2 protein chains.
Amino acid sequence: MVRRSQTEVAVLGALSVAPMTGYAAREAIRDVLGHFWSESFGQIYPTLAELERVGHIRRQESMAYELTDSGRTRLRELLAEPAQRTPPRNGLLLRLFFGRQLGPEACRDLILAARTEAEESLSRYAFLRAEVAAEDSPDTPYSLLTISAGEHAARATLAWADESLTALNRLEDPR
Amino acid sequence: MVRRSQTEVAVLGALSVAPMTGYAAREAIRDVLGHFWSESFGQIYPTLAELERVGHIRRQESMAYELTDSGRTRLRELLAEPAQRTPPRNGLLLRLFFGRQLGPEACRDLILAARTEAEESLSRYAFLRAEVAAEDSPDTPYSLLTISAGEHAARATLAWADESLTALNRLEDPR
DNA sequence: GCCAGATATATCTAACAGATAGCACAGGTC
DNA sequence: GACCTGTGCTATCTGTTAGATATATCTGGC
């Protein structure tokens, strides 16, 4: 089985919204897709070069890249492919699994940090949601779907963290 | 900032449970940590060689590697380091974000597939939970923490999927 | 003895993250 | 006007990682 680069989808997707430079694409991906996707320069520039080579994108006079017709078709093709899931790598859970070696206090700190992060995510999502809802474009419902996914995940983390902190306390001080 | 290989933690962690070969370590990581961590052979073997070189592990007569004292110390050190989070890459949400290009039916199929996967995860977690609880070792509470995290995440996915399917239906057939 | 499948060890390629570096241009600040 | 600083922008390099693949060995069934 051939591994496909996922970067192509993100880059073509970004350019489908508006023509932009590689730098701007990275900014857009970070700011708009940031809560569920990320790209690095090291991936973006080679991908842009390759996409230009095969004619899916083209440079405007302003240095910005724009999607060609074949690029638009290509994006639809790639979107229709089944989403390949990235293998899980959760450093927090890896540490908690070996938590006995680490001690309950350190574990509690780890969980508290995750809890704080989830709360920050939630307020960021609230902001994003308001921003997106205000636009009211045909893309809005789909954006809201991804924001909602983030909110559900963050709330799940909060609930898990509280439950886990209770469990850890019981472990240290069993009644 | 220096990037640290996370593989070291997982490999030392696996060997801290019992001495084993590289192959067995991979199996153990997949079966026991599989729902939140993954390693490939391409990572495991070079890591084992390096760990042996610096004396954190040593080969038994049986070809299995075992942790040395310095390896055990090293594991504690690594566990104490803050968990570095991996950048998000969610192929499902990436596709849904550009869902208008894809059409509501295809989006619904994507969400349904995610929903099914979450349900399968939940039943796997139920099985795991029973298995781990039956052991009742000092490590059990920590294992349960990671299983609980998986369950919360899977239930969040279910709730999100149902909500999203409703939203998509309303989009196609607004009353 | 022979085959199939599991066990086991490795290696190679490509995907990817993140650091770094360089350049142009803008806006101060002395 | 010289100098500094920030930022927009285009890269490139290194190390990490995933996953495919090659190749034995060992074991049980036929």
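The chains referred to below are lettered A, B, ... by the order of the sequence lines, with proteins before strands, and numbering in each begins at 1. Everything numeric in this text was worked out from a predicted model, so none of it was measured.
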Establish, with yes or no, whether the OP1 or OP2 oxygen of C/dA15 is under 4.0 angstrom from a side-chain nitrogen or oxygen of A/T7. no
Contact class for [X] vs. all strands (heavy atom < 4.0 Å): base, sugar-phosphate, or nothing?
{"X": "A/S5", "result": "sugar-phosphate"}
{"X": "B/R59", "result": "sugar-phosphate"}
{"X": "B/T86", "result": "nothing"}
{"X": "A/G22", "result": "sugar-phosphate"}

First encountered from the 5' end of DNA chain C, between B/G42 and A/W37: B/G42
For B/E27 and for B/R89, find the nucleotide of DNA chain C with the closest heavy atom, then tell me which residue's nucleotide is more 5'. B/E27
Measure [atom1]/[X] against [atom2]/[N] and give the value in whole Å, please.
{"X": "B/E52", "N": "C/dA10", "atom1": "CD", "atom2": "C1'", "value": "15 Å"}
{"X": "B/Y65", "N": "C/dT9", "atom1": "OH", "atom2": "C1'", "value": "9 Å"}
{"X": "B/R85", "N": "D/dT16", "atom1": "CZ", "atom2": "P", "value": "20 Å"}
{"X": "B/Y45", "N": "D/dT21", "atom1": "OH", "atom2": "C1'", "value": "14 Å"}
{"X": "B/I29", "N": "D/dG19", "atom1": "CD1", "atom2": "P", "value": "14 Å"}
{"X": "A/M63", "N": "C/dC23", "atom1": "CE", "atom2": "P", "value": "16 Å"}
{"X": "B/Q84", "N": "C/dA19", "atom1": "CD", "atom2": "C1'", "value": "14 Å"}
{"X": "A/E39", "N": "D/dC9", "atom1": "CD", "atom2": "C1'", "value": "18 Å"}

Among [options], which nucleotide has an atom closest to any side-chain atom of [X]?
{"X": "A/Y23", "options": "D/dA18, D/dT17, D/dG8", "value": "D/dG8"}
{"X": "A/T21", "options": "C/dC16, C/dT9, D/dC9", "value": "D/dC9"}
{"X": "B/Q43", "options": "D/dT16, C/dC16, C/dG18", "value": "D/dT16"}
{"X": "A/F41", "options": "D/dA11, C/dA15, C/dT11", "value": "D/dA11"}
{"X": "A/S40", "options": "D/dT12, C/dT9, C/dG18", "value": "C/dG18"}

Below 30° counts as parallel, above 60° as perpendicular, anything between as tilted: where do the rings of A/H35 and A/Y125 land? perpendicular
Residues B/R89 and A/E39 bridged, charged N to O under 4.0 Å: yes
Does B/E151 come within less than 4.0 Å of B/R129, counting only side-chain N to carboxylate O? yes
Applying side-chain contact (heavy atoms from CB on, under 4.5 Å) to B/R76 and B/T73, what does each step give before you reach the verdict? CA-CA 5 Å; B/R76 293 242 170 78; B/T73 308; 5.6 Å; no
Say you draw a straight line from SG of A/C107 to CZ of A/R95; how long is it, rounded to the nearest 0.5 Å? 11.0 Å
